2 protein chains.
Amino acid sequence: MSRTAGRRRRGHGAEDTETGSRDDRKRRTRRALLDAALDLLEGERSFSSLSLREITRVAGITPAGFYRHFSGMEELGQALIEDSFESLHQMMRDARKDGLPPTHIIRASVAIFLDHVQSHRAHFRFIAKERYSGSSAVRLAIRKEVRLWVGEVAVDLSRFELLKRFSSEDLQMLAGMMINAVIAATELLLDAEPGDAAAVTRIYETVEKQMRLLVLGASLWDSSLTGGNATPRPA
Amino acid sequence: MSRTAGRRRRGHGAEDTETGSRDDRKRRTRRALLDAALDLLEGERSFSSLSLREITRVAGITPAGFYRHFSGMEELGQALIEDSFESLHQMMRDARKDGLPPTHIIRASVAIFLDHVQSHRAHFRFIAKERYSGSSAVRLAIRKEVRLWVGEVAVDLSRFELLKRFSSEDLQMLAGMMINAVIAATELLLDAEPGDAAAVTRIYETVEKQMRLLVLGASLWDSSLTGGNATPRPA
DNA sequence: CAAATCAGTAAACGACTGTTGACTGAAAGT
DNA sequence: ACTTTCAGTCAACAGTCGTTTACTGATTTG
């Protein structure tokens, strides 16, 4: 009743629906769907609790219209993952091309990454939430990205004179610990209020300290003392 | 139609419903509800995607019966958290009482914890899933537990002669890194096939290596070199 | 033994869900 | 100028959901 206003009622998603070629408009609607999902995930909700209808409502289209873009929620989840990591990869390529300062490479890299996190909160919130709670396809995709990242860092580390005597396995472990620390910092960053500069500073400082501790440990490391006697029990 | 069998149809939850006092039966049904939720969480599902009806179905009671035990799903979530951490605390108390070997305390502690994880997979899967994707109440509860744990470990570490010169802040950081490594190992453990002894052994060995690296780093640490110049940017 | 308690049942409610098929109308193709 | 394509609409579907209400019947209580 009283649907007085213009025919098309849209949500926050696609604003100027009227311009551009058909492909452009389609791309815009797709973006609106992705953004709608990210918007809803900014709150307490988890991806698996989002409904298709809810997302189309926020994006400003009809439920049935959803299927012109994705076969279902699972596929939208995949798209969100690709979306999130693509901007990260882009950033990392740029950073590599621009060249890092030779002296504080680690610190600079960490800072660049955390800056990126802060300017893409929604993406990383999604990743953090889905890393352990998402569908197995999404979880695997995230794990693959992390594994690749660890590999890259291990290669970078292998160029340090100090780390020449590291076995490649131990290099992976060191890289893994560094990335674990950065991921932990990321999660703290996402939990902190975005405007809380003091908290942000503390997080940056802490992770830098952690890196320093790891480098110190590495300087005394002897890869030939590997393994030793572990204490595992099957259950 | 054709509901031929006995009146009460129960799921996997409460088996011998017929015995015990009224309180006993109530407790058993409550357990059945918690177990039903944990069962469902063993799969791909996340807690927020579980429905109340679904849980009562698995537990073998009527939807309305749920409310005799919990006011809603949120309260059940809280109960699951308490349940999970209670057995952990119990185990830690026991371990402390029994006394750890003086020589390899860290290694032994880590192994004991990971053993506990393996024998309580469902609980820890729940915690891992909800740590970043759950309701804020649940997330806060988990974070509180982790923070407390870090504090305890920091106190334990302060007794080492090697760490006497650590500032309390740096001790917290070291303890935090150790626990981060253990949590990362926990997550690997939960993702591994329970029977995969080789994978389990690798995880134990890796985390022990990580501990050794941290201890090495600590041996060179100088708390007076704290802070330095961090590189944070508000956004 | 009668009365009170209360864990669990049964049925109904309105709301929301994913998915469908037939449609419309503007853009793209020819 | 015509036909084709196709993003998005609309209406309807069969389910599931959380919650409420009145109830039942065994156990506890006095």
Side-chain angles (χ1 to χ4, degrees), chain A residues 1 3 5-11 13-34 36-37 40 45-77 79 135, chain B residues 1-3 5-11 13-37 40 45-77 79 135:
Chain A
M1 26 179 149
R3 187 171 294 196
R7 293 261 294 106
R8 297 245 181 93
R9 301 297 226 75
R10 326 220 105 214
E15 293 299 328
D16 39 357
T17 310
E18 323 291 339
T19 59
S21 73
R22 192 146 73 178
D23 281 15
D24 284 344
R25 290 160 134 238
K26 176 160 187 181
R27 251 191 299 278
R28 253 203 313 266
T29 308
R30 190 188 137 102
R31 256 263 63 94
L33 286 168
L34 294 172
L40 289 165
R45 319 283 307 280
S46 80
F47 183 76
S48 62
S49 78
L50 298 185
S51 77
L52 182 151
R53 291 184 102 105
E54 189 174 18
I55 288 172
T56 59
R57 222 176 291 133
V58 173
I61 65 169
T62 311
F66 182 95
Y67 297 100
R68 300 280 175 212
H69 302 270
F70 307 102
S71 67
M73 288 293 290
E74 177 67 21
E75 199 167 295
L76 189 153
S135 72
Chain B
M1 23 173 148
S2 87
R3 187 170 294 196
R7 294 261 295 105
R8 296 247 182 92
R9 302 296 228 73
R10 324 219 106 216
E15 294 300 329
D16 39 357
T17 311
E18 323 291 341
T19 58
S21 74
R22 192 145 74 179
D23 280 16
D24 284 344
R25 291 161 134 239
K26 176 161 188 182
R27 251 191 300 277
R28 248 196 326 257
T29 307
R30 190 189 138 103
R31 258 261 64 92
L33 287 168
L34 294 172
D35 288 341
L40 290 165
R45 318 282 307 282
S46 80
F47 183 76
S48 64
S49 77
L50 298 185
S51 77
L52 184 152
R53 291 184 102 104
E54 188 173 21
I55 287 172
T56 58
R57 223 175 291 132
V58 173
I61 64 168
T62 326
F66 182 95
Y67 296 101
R68 300 280 175 213
H69 302 270
F70 306 102
S71 68
M73 288 293 290
E74 176 68 22
E75 199 167 296
L76 189 154
S135 72

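Sequence lines set the chain letters: A, B, ... in the order given, protein chains first and strands last, and positions in each chain run from 1. Side chains are part of it too, since the values below use all heavy atoms of this structure and drop only hydrogens, waters and symmetry mates. These numbers come from a predicted model, not from an experiment.
- Side chains of B/L76 and B/F47 form a contact here, defined as non-hydrogen atoms less than 4.5 Å apart.
- For A/S51 and C/dC16, the shortest distance from a side-chain N or O to OP1 or OP2 is not below 4.0 Å.
- Under a 3.5 Å cut-off, the side chain of B/S51 and the backbone N or O of B/E54 do form a donor-acceptor pair.
- Look at CG on B/D23: it is 15 Å from P on C/dT5, rounded to the nearest Å.
- Each of B/S71 and B/G20 has a nearest nucleotide on DNA chain D; the 5'-most of these lies closest to B/S71.
- Note on A/T62: a base of the nucleic acid sits closer than 4.0 angstrom, heavy atoms only.
- Rounded to whole angstrom, the span from the CZ atom of B/F70 across to the C1' atom of D/dG18 amounts to 16 Å.
- Of the listed nucleotides (C/dT19, C/dT5, D/dT20), C/dT5 has the atom at the smallest distance from the side chain of B/R22.
- When rounded to the nearest whole Å, the span between CD of A/E75 and P of C/dG18 equals 15 Å.
- Side-chain contact check for B/R57 versus B/R53: some heavy-atom pair is nearer than 4.5 Å.
- The side chain of A/E54 lies closest to C/dT17, out of D/dT21, C/dT17, D/dA7.
- Residue A/Y67 contributes atom OH, which lies 12 Å from atom P of C/dT17 at whole-angstrom precision.
- Between the CZ atom of A/R27 and the C1' atom of D/dC6 there is a distance of 15 Å, given to the nearest Å.
- The separation between B/F66 atom CZ and C/dA7 atom C1' is 15 Å, rounded to whole Å.
- When distances are taken from the side chain of A/R57 to each of C/dT17, D/dT27, D/dC17, the shortest belongs to C/dT17.
- Nucleotide C/dA28 holds its C1' atom 14 Å from the NZ atom of A/K26, rounded to whole Å.
- Taking 4.5 Å as the limit, every side-chain heavy atom of A/S135 sits out of range of all side-chain heavy atoms of A/S48.
- One distance of note links CG of B/L33 with CZ of B/R30; it measures 9.0 Å at 0.5 Å rounding.
- Among the nucleotides C/dT9, D/dT28, D/dA7, the one closest to any side-chain atom of B/I61 is C/dT9.
- Per the geometry, CG belonging to B/D24 stands 17 Å off C1' belonging to C/dG8, to the nearest Å.
- Between A/R68 and A/L50, the one whose closest nucleotide on DNA chain C sits nearer the 5' end is A/L50.
- A/T29 has a side-chain polar atom (N or O) that falls below the 4.0 Å cut-off from OP1 or OP2 of D/dG8.
- Ranking D/dC6, C/dG18, D/dC10 by closeness to the A/L52 side chain, first place goes to C/dG18.
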